[in-house]
Protein chains: 2
Amino acid sequence: MKPNQIMKHLPHKTIERLSQYRRALLICLDSGKTHIYSHEIARIQHITAVQVRRDLMLIGYTGTLRKGYNVKELIDLIGQIIDATEGINVAIVGMGNLGRALINYFTGKRSHLSIVAGFDINPDKIGNTMSGVPCFGIDEMESVIKRLDIRIGIMTVPGDFAVEVADKLVRAGVKGILNYTPKPVNVPKDVYLEEYDMITSLEKVAFYVKMHEEEA
Amino acid sequence: MKPNQIMKHLPHKTIERLSQYRRALLICLDSGKTHIYSHEIARIQHITAVQVRRDLMLIGYTGTLRKGYNVKELIDLIGQIIDATEGINVAIVGMGNLGRALINYFTGKRSHLSIVAGFDINPDKIGNTMSGVPCFGIDEMESVIKRLDIRIGIMTVPGDFAVEVADKLVRAGVKGILNYTPKPVNVPKDVYLEEYDMITSLEKVAFYVKMHEEEA
DNA sequence: ATAATTTTGTTAAAAAAATAACATTGTTAA
DNA sequence: TTAACAATGTTATTTTTTTAACAAAATTAT
């Protein structure tokens, strides 16, 4: 099967794990490790070795029996599968704490994804650069996004602005949105939307903590 | 089935959605809406009405035919299912941008979860309060967590400190950890661990953006 | 040289989750 | 009054995801 065909049939969860495998592998590479076993990857990610092998099977990678997987080769292959051939430019809308946290997460990481612009309504921030990322006004969004060929927008504004910002991003031509706002938004179906809600995650942890306590 | 028995059989995904339903319902309540249809909830969350009804069936809630669900009642019932009877205290380890972002998300929200302490290594932060949350030194973690009866820890430190902080939290007696660090950690099995990685989410969005562009 | 071991790759089965199908029942309208 | 409608509640089916089972092969040990 051609790489192009492989990609279309990868389970969503496998995509997520491949990204995580790669990150673990990059750390291994830095520490001078050349090969790694499926169960080593599994242990790092809290999953089973079978799952790792199955994922790698899906992307058509073959390890060496008894030596495991070649770290460098695997990193490259995962890149061929999940990365775009050219880099993708990303914008952050909302240069508050969360926006800046994300920028700091990314700077320094070698990646095909580049955060090239931030947007905010605070006049004190507009015109400055934060951790190397220039901050523009929200009203400049459409023009800047088009000029810089930005294709993904990360929303880190307060919930009340979520819907408005999502609409602006879509109008500007963005093809993917990552919404960290506590408010769900709607986008046309040619725009990929991923929403993550920190409160939900915390409430989920609290639920299982409670459950565990009650059964004790 | 007793509420206690219901809880044990709820799918993980249902737990997450219940938390989201409640948040949507609270907004409805504020806007004066007394009843809501399954398809209205579904639309907000980008899921199907069937899924909503199924989730509510699982927690044993019965709506009114033709009028939908009583917003207030449903909020209360979801609380009975997913919340602990008493509030749970939470700590944030790492008072950087991400830590402060989380605190701001939470303050003002009425909730059974309270962020009652923050920890950091920066001496400038220790001793201050940030958005109402007092900041302590990392070395005080164990004593503060015990004194304030903190049962959940949110990790927002740089990746290099992840493992160390997780160990400290476990030793201090925390029963749930939410890890926002890019590094996976290990905890004993009586501690519930949830890990979320922003880079993975962004790479996933990038993958589907790429996919969509290629097929066009 | 041969048997045991260990690890991969793949198919098969099980479990979890989402979707569909449909029965039920108030309400509205003819 | 009765038929059509629109909503819920539940069972059945399908899809997705995970886990298990096991064959194949390179290495190591005997």
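All heavy atoms count here, side chains included; hydrogens, waters and symmetry mates do not. The shown structure was predicted, so the numbers you read here are calculated from the model rather than taken from an experiment. In what follows, chains are A, B, ... by sequence order, proteins preceding strands, each numbered from 1.
Note: CG (B:Leu10) to P (C:dA18) measures 13 Å, nearest angstrom. Distance B:Gln51 CD to D:dG9 P: 16 Å, rounded to the nearest Å. Here D:dA26 presents its P atom at 14 Å from NE2 of A:His35, a figure rounded to the nearest Å. Taking atom CE on A:Met57 and atom P on D:dA24, their separation rounds to 17 Å, with Å as the unit. When the C1' atom of C:dA18 is taken as reference, atom CD of B:Gln45 falls 16 Å away, rounded to whole Å. Here the P atom of nucleotide C:dG9 and the CG atom of A:Leu56 are 8 Å apart, to the nearest Å. As a whole-Å value, the separation of B:Asp55 CG from C:dA16 P is 16 Å. As a whole-Å value, the separation of B:Tyr37 OH from C:dT27 C1' is 10 Å.
Checked for salt-bridge contact, B:Arg171 and B:Asp167 miss the test: no charged N lies under 4.0 Å from a carboxylate O. The pair B:Lys204-A:Glu194 counts as a salt bridge, with a side-chain nitrogen and a carboxylate oxygen less than 4.0 angstrom apart. Remark: B:Asp83 does not engage A:Lys210 in a salt bridge, criterion side-chain N to carboxylate O under 4.0 Å.
Checking the phosphate oxygens (OP1, OP2) of D:dT18, a side-chain nitrogen or oxygen of A:Arg17 falls inside 4.0 Å.
Between B:Arg54 and A:His12, the one whose closest nucleotide on DNA chain D sits nearer the 5' end is B:Arg54.
Residue B:Asp55 is tested with B:Lys13, B:Arg17, B:Arg22 for a salt bridge (Lys or Arg N to Asp or Glu O under 4.0 Å); the sole match is B:Arg17.
Comparing D:dT19, C:dT19, C:dG9 against the side chain of B:Thr48 picks out C:dT19 as the nearest. Comparing C:dA17, C:dT7, D:dT10 by their nearest atom to the side chain of B:Pro11 picks out C:dA17. Of the candidate nucleotides C:dA21, D:dA20, C:dA18, C:dA21 has the atom lying nearest to any side-chain atom of B:Arg53.
In a base pair of the Watson-Crick type (N1 to N3 plus N6-O4 or O6-N4) or a G-U wobble (N1-O2 and O6-N3), with each distance short of 3.5 Å, D:dT28 is matched with C:dA3.
At least one donor-acceptor pair closer than 3.5 Å links the side chain of A:Glu40 to the backbone N or O of A:Tyr37. Under the 3.5 Å distance criterion, the side-chain polar atoms of A:Asp197 are left unmatched by any main-chain donor or acceptor of B:Gln20.
B:Ser38 comes within contact range of the sugar-phosphate backbone alone, with a heavy-atom separation under 4.0 Å but no base atom that close.
Less than 4.0 Å separates DNA chain D from at least one heavy atom of each of the following residues of residues 60-72 of chain A: A:Leu65, A:Arg66.
Looking only at atom types and distance, the side chain of B:Arg23 has a donor-acceptor partner in the side chain of A:Thr200 under 3.5 Å away.
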